[in-house]
Amino acid sequence: MDERSSGSGIARFISAAFAVIAIILVAHIILFSADASTTSTMVKDVGDVAAKLAWGFKTLFSFDSAKLTVFVDYGLAALAYLLVGGVVVRVFRRVG
């Protein structure tokens, strides 16, 4: 296996990892907006993981509507992960 394919493999892994994080954040937005039952283990687990992944974004804005606040804060976090992931992937593809 040459170095180029190794760097490409790492880039694909990084891209997938950042995409999964963004999907978790978007899933939380959808579940929260749909008023999904927080007694459900899945809904609670997705919310807990999303809260940890959203770190500084989850309190960035505060609107009158809790749904709008979650949409903007967690949506910005998802976008940030996708942007940072894209930059990291480009770096690995150029280096590798």
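Worth saying up front: this structure is predicted, and the values here are computed from it rather than measured. FYI, the numbering just counts along the sequence from 1.
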Can you tell me how far the [atom1] atom of [X] sits from the [atom2] atom of [Y], to the nearest 0.5 Å?
X	Y	atom1	atom2	result
Thr38	Leu31	OG1	CG	11.0 Å
His28	Asp73	NE2	CG	9.5 Å
Tyr81	Ile23	OH	CD1	14.0 Å
Ile14	Arg90	CD1	CZ	13.5 Å

Which heavy atom of Tyr74 sits nearest to which heavy atom of Ala54, and what is that distance? CE2-CB, 3.6 Å
Would you kindly confirm whether [X] and [Y] end up in one hydrophobic cluster when ILVMFWY residues are joined by side chain heavy atoms under 4.5 Å apart?
X	Y	value
Val89	Val84	yes
Val20	Leu53	yes
Val43	Leu25	no
Val91	Leu82	no

To which residues is Ile30 joined in a hydrophobic cluster, defined by side-chain heavy-atom contacts under 4.5 Å among Ile, Leu, Val, Met, Phe, Trp and Tyr, whether direct or through other members? Val26
With sequence neighbours excluded, what pairs up with Ala27 under the side chain to side chain contact (heavy atoms under 4.5 Å, CB included) test? Val46
Any sub-3.5 Å donor-acceptor pair from Ser15's side-chain atoms to Ala11's backbone N or O? no
Restricting to pairs with a member in residues 17-31, which pass salt bridge (Lys or Arg N to Asp or Glu O under 4.0 Å), not counting sequence neighbours? none
Applied to residues 37-54, the salt bridge (Lys or Arg N to Asp or Glu O under 4.0 Å) test, sequence neighbours excluded, yields Lys44-Asp48
Considering residues at least two apart in sequence or located in another chain, which fulfil the ring-ring contact (aromatic ring centres under 6.0 Å, His included) criterion with Phe57? Trp55
Would you give me the side-chain donor-acceptor pairs under 3.5 Å for residues 59-66, sequence neighbours excluded?
unit_1 : atom_1 : unit_2 : atom_2 : d
Ser65  : OG     : Lys67  : N      : 3.4
Ser65  : OG     : Leu68  : N      : 3.2

